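Worksheet: the structure to be examined is printed underneath.
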Amino acid sequence: MSKIFYETAAIDYANAAPHIGHVYEKIIADFLARFHRLDGYDTNFVTGTDEHGEKIARAAKNAGQEPQKFVDYVSEELFQPIYRRLEISYDDYIRTTSPRHRKYVQEVLKKVYDAGDIYYAEYEGLYSVGSERFVTEKELVGGVLPGDSEPPILRKEANYFFRMEKYRPWLVEYLKEHPELIQPVAYRNEVLEMLKEPIGDLSISRPKDRVPWGIPIPWDDQHVTYVWFDALLAYASSLASRGIFEKYWPHAWHVIGKDILKPHAVFWPTMLKSAGLPLYKRLVVHGHILAMDGRKMGKSLGNAIDPVVLLDKFGVDAVHYALLRDTSLGSDSPFGEEIVVQRLNADLANDLGNLLSRVRTMLLKYCGGVLPAPSPADSEIARHGVALAGKVRVYVDELKLHLALEEALQYVRSLNKFVNDAKPWELARDPARLKELEDVLYTVVEGLRIASVALEAALPTKAKELRAALGLGGFTLAQTETWGLSPQGTRIPQEAPILFPKLEAKPAPTPEAEALEPQAPNGLITLEDFAKVELRVAEVVKCEKHPKADKLLVLTLNVGDHTRQVVSGIAQWYAPQSLVGRKLVLVANLKPAVLRGIESQGMILAGEDAAGNVVVVSPEKDLPPGAKVR
RNA sequence: GGCUAUGUAGCUCAGUUGGUUAGAGCACACGACUCAUAAUCGUGGUGUCGGCGGUUCAAAUCCGCCCAUAGCCA
């Protein structure tokens, strides 16, 4: 059995900036790619930008730029940077204006033409510029195509047509024989429904004098290729141009949004058939991301989530995890910052990150920071551990990604329970029970190793960090199906940063709540208002310069029962060392913010004199760290 | 109007081919514990399983009709 996996995420239309929907799709695709790699598949993962067409020509014109300059900017400055930040692990990024793609499209066109599946015909009808296609009167609502801003125009055009209708019976047959082809099944039904009636032939060219922005038709330089025919072929051109088409293509999965089902489920299979190429293996159709209130997201509604803001606030891993854990592939799902905070705090910080902290501390304290010998493989926790990969694999294959993650988290919770029940801190008090203690701690490390791999496809950076904090490296999924692979004698690093720092829950300001807020006359606030501010004495444990900002210091504060990190703009007035050991006043319940890449969990009180010199506020006499200030 | 999917605890969702008192996570309350990121663990639900009817010894699960939501098609 050859373990090969080829996957594409839809190539993005380069006429506007990326939004959460683009990000969501790439995260799904990235999960599947990473998971298959971990599971030993020779994997190739591709996405890119779709850069031709009338709409792009118009967007470029509006921006006052040449089309090529415009798409260069959108692809290189908008899409690719955010995907890199998101750690989307694509192996190739295909742009449809690249020479390698253009060449391939022309080759395929030639093939289809030679097969006799392309003819020339004149057509007159209503044309929607917004949707770049001819429309029927029936489709219009109030004279306008739903989704368009302008009514369609009457247009007469001679175009090349692809004999798509000819392949309809074949496609219906194929879909019936391959029920797993389009998933989830609702979309398969939808496609079968579409195919019950004639689908007509597909116009695949545009006259060059009207739409010059496209790939020339090889046998007629007065026409360019219709953008869909061009774009779909990117999935193949990426492979062909790298000389690896034969190897990967038969194993192709496409990940797409439900809005582009028809081109992928109807145009694309018939095109492939005509070109003599095999059909893809699977079409994975996802739904859309909705606002928290379940309504559509949109700039005009003002409820759109900016993926950059999300990344700045929560980091790559929390965004991946929350999007995968709290959506159900195929259906539309509401999403918002509240969900990320909740998942980050509950699953990642409390359950997973804290488990790492507790086992690390105990290993350092009780075992000299050295991993003891493997514990028996017949314990319940060991048996569940080695069975985890199998369960997760089934869920992933069924595309129930949220359940796959929940399964892994359940195992993490069972590890926490195991620690509570085994009470290693009690075992540590009795030297005679050393072996028992070592078995308990080894079991937890091994369990964390297994869980980290099961979660790795959703935690692109933190899964590795977690293992690194235990002195462990990388493992395949198969290597989690054997107990005891964490090597005895592994040294546990002395220092490891908190894996997932917790964030304070966002107060969720609704417009209604703001409206109800009592208006303070002449700038005065009530006692209740002031009581909202939690001030505490904090002792500076550590203080250093912010690596990326001259004016900022990063302080680690002891607040009595915990420590936290605060970024403060006082570098001009205080040398880092001079603050260590000092007691300051901290605004403890300030919403955390990320300043130049470092999270600040609060604010230090300071005052300013007439000359603009800043002085920090300290208690006059000694107060213990954590003491409340009122 | 037709087709498809969904409708289970306050919220998000599991419930394999019909079979014992319908489950999990979150949130909330109380308790235990101290290795840990105010963490973890335990305990706590009178849920009309959208409604009505049917098949069956037995239905959240099968069938019919209806209602609601979403999508597709017209």
Side-chain angles (χ1 to χ4, degrees), chain A residues 136-141 146 182 184-197 199 257-259 261-262 265-266 285 287-288 290 292 294-296 322 325-328 330-336 338-339 341-367 391 394-395 398 400-410 412-429 437 440-441 444 469 496-505 534 536 559-565 588-589 601 626:
Chain A
T136 58
E137 302 257 10
K138 286 180 192 167
E139 288 180 86
L140 304 180
V141 178
I182 300 176
V185 69
Y187 296 104
R188 172 176 181 264
N189 295 337
E190 209 174 298
V191 172
L192 282 170
E193 195 60 27
M194 285 179 208
L195 293 175
K196 275 188 183 158
E197 308 215 352
I199 50 178
K258 64 179 189 177
D259 50 314
L261 178 62
K262 191 174 181 179
V266 179
V285 187
H288 293 157
L290 305 173
M292 282 307 282
R295 294 192 305 173
K296 281 187 180 171
R325 177 62 187 81
D326 269 288
T327 63
S328 170
S331 34
D332 293 352
S333 311
F335 190 76
E338 296 93 308
I339 286 176
V341 172
Q342 161 127 351
R343 285 298 169 194
L344 178 63
N345 285 350
D347 291 5
L348 300 179
N350 291 351
D351 290 346
L352 185 61
N354 180 53
L355 177 61
L356 172 69
S357 291
R358 56 199 306 212
V359 74
R360 268 180 48 79
T361 305
M362 288 190 280
L363 281 163
L364 291 168
K365 223 161 149 176
Y366 307 146
C367 301
K391 292 182 191 168
V394 170
Y395 280 133
E398 293 171 348
K400 294 178 178 170
L401 307 186
H402 58 308
L403 299 185
L405 296 181
E406 176 58 19
E407 191 69 40
L409 248 289
Q410 252 166 40
V412 171
R413 287 184 207 112
S414 77
L415 288 169
N416 270 317
K417 178 172 165 55
F418 171 75
V419 175
N420 283 33
D421 293 346
K423 299 184 174 60
W425 51 93
E426 272 182 22
L427 299 175
R429 285 182 213 128
L437 171 66
V440 169
L441 295 183
V444 179
I498 294 287
L499 194 64
F500 292 103
K502 270 170 83 163
L503 293 180
E504 311 241 346
E534 189 192 337
R536 283 181 186 273
V559 198
D561 48 7
H562 67 288
T563 64
R564 60 166 88 188
Q565 169 180 297
N589 60 344
Q601 302 158 327

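Bear in mind that the values here come from a model prediction, so they are computed numbers and not experimental data. Labels below follow one simple rule: chain letters A, B, ... track the order of the sequence lines, proteins then strands, and each chain is numbered from 1.
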* Is the closest basic N to carboxylate O distance between A:Lys262 and A:Glu190 below 4.0 Å? ->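 A:Glu190 and A:Lys262: not salt-bridged.
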
* Asked: How do A:Arg413 and A:Leu348 order along RNA chain B: which one's closest nucleotide is nearer the 5' end?
  ->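 Looking at the nearest nucleotide for each, A:Leu348 comes out on the 5' side.
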
* Tell me which of A:Ala349 and A:Asp421 sits closer to the 5' end of RNA chain B, going by the nucleotide each one is nearest to. =>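 Residue closer to the 5' terminus by nearest nucleotide: A:Ala349.
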
Using a heavy-atom cut-off of under 4.0 Å over every strand shown, decide if [X] touches base, sugar-phosphate, or nothing.
X	result
A:Arg360	nothing
A:Asp351	sugar-phosphate
A:Glu197	nothing
A:Lys262	nothing

Please give, in whole Å, the distance from [N] [atom2] to [X] [atom1]?
X	N	atom1	atom2	result
A:Asn345	B:U40	CG	P	10 Å
A:Tyr187	B:C73	OH	P	12 Å
A:His288	B:C72	NE2	C1'	13 Å
A:Lys196	B:C73	NZ	C1'	11 Å
A:Met194	B:A74	CE	P	9 Å
A:Glu193	B:A5	CD	P	11 Å
A:Gln410	B:C26	CD	P	10 Å
A:Leu409	B:G25	CG	P	11 Å

* **Side-chain touch A:Val266/A:Met194, heavy atoms, less than 4.5 angstrom** =>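 A:Val266 reaches A:Met194 side chain to side chain.
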
* Asked: Can you check whether A:Phe418 reaches A:Val444 side chain to side chain, under 4.5 Å on heavy atoms?
  ->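 With C-beta onward as the side chain, the pair touches.
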
If I compare all heavy atoms of [X] with all of [Y], which pair ends up nearest, and what's the gap?
X	Y	answer
A:Leu437	A:Pro424	CD1-O, 3.4 Å
A:Ile339	A:Pro334	CD1-O, 3.7 Å
A:Gly287	A:Lys258	CA-CD, 4.3 Å
A:Ala349	A:Asn345	CB-O, 3.5 Å
A:Ser328	A:Ser333	N-OG, 3.4 Å

Just name whichever nucleotide pairs with [N], Watson-Crick or G-U, keeping both distances under 3.5 Å, else none.
N	result
B:C41	B:G31
B:U69	B:A5
B:U17	none
B:C26	B:G10
B:U48	none
B:C62	B:G54

* Consider only side-chain N and O atoms of A:Glu338 and A:Gln342, and report whether a donor and an acceptor are under 3.5 Å apart. =>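 No, no side-chain donor-acceptor pair sits under 3.5 Å.
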
* Determine whether the side chains of A:Arg358 and A:Asn420 contain a donor N or O and an acceptor N or O closer than 3.5 Å. =>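 Distance-only check passes for A:Arg358 and A:Asn420.
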
* **Side chain A:Asn416, main chain A:Asp351, donor-acceptor under 3.5 Å** =>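 Present.
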
* Asked: Do the side chain of A:Tyr187 and the main chain of A:Gly330 share a donor and acceptor less than 3.5 angstrom apart?
  ->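 A pair under 3.5 Å: yes.
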
Between [N] and [M], how far is it from one [atom1] atom to the other, in whole Å?
N	M	atom1	result
B:U20	B:A38	P	43 Å
B:C30	B:U48	C1'	30 Å
B:G51	B:G47	P	13 Å
B:G23	B:G45	P	11 Å
B:U8	B:G2	P	25 Å
B:G15	B:C72	P	26 Å
B:A9	B:G25	C1'	12 Å
B:A58	B:G18	P	15 Å

Please write out each protein N/O paired with an N/O of nucleotides 8-15 of chain B under 3.5 Å, distance rounded to 0.1 Å.
none

* How does each nucleotide of nucleotides 27-35 of chain B score, in 5' to 3' order, for protein heavy atoms under 4.0 Å: base (B), sugar-phosphate only (S), or none (-)? -> ------SSB

* Asked: Between B:G71, B:G25, B:U37, which nucleotide gets closest to the side-chain atoms of A:Leu499?
  ->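 Nearest to the side-chain atoms of A:Leu499, counting from C-beta on, is B:U37.
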
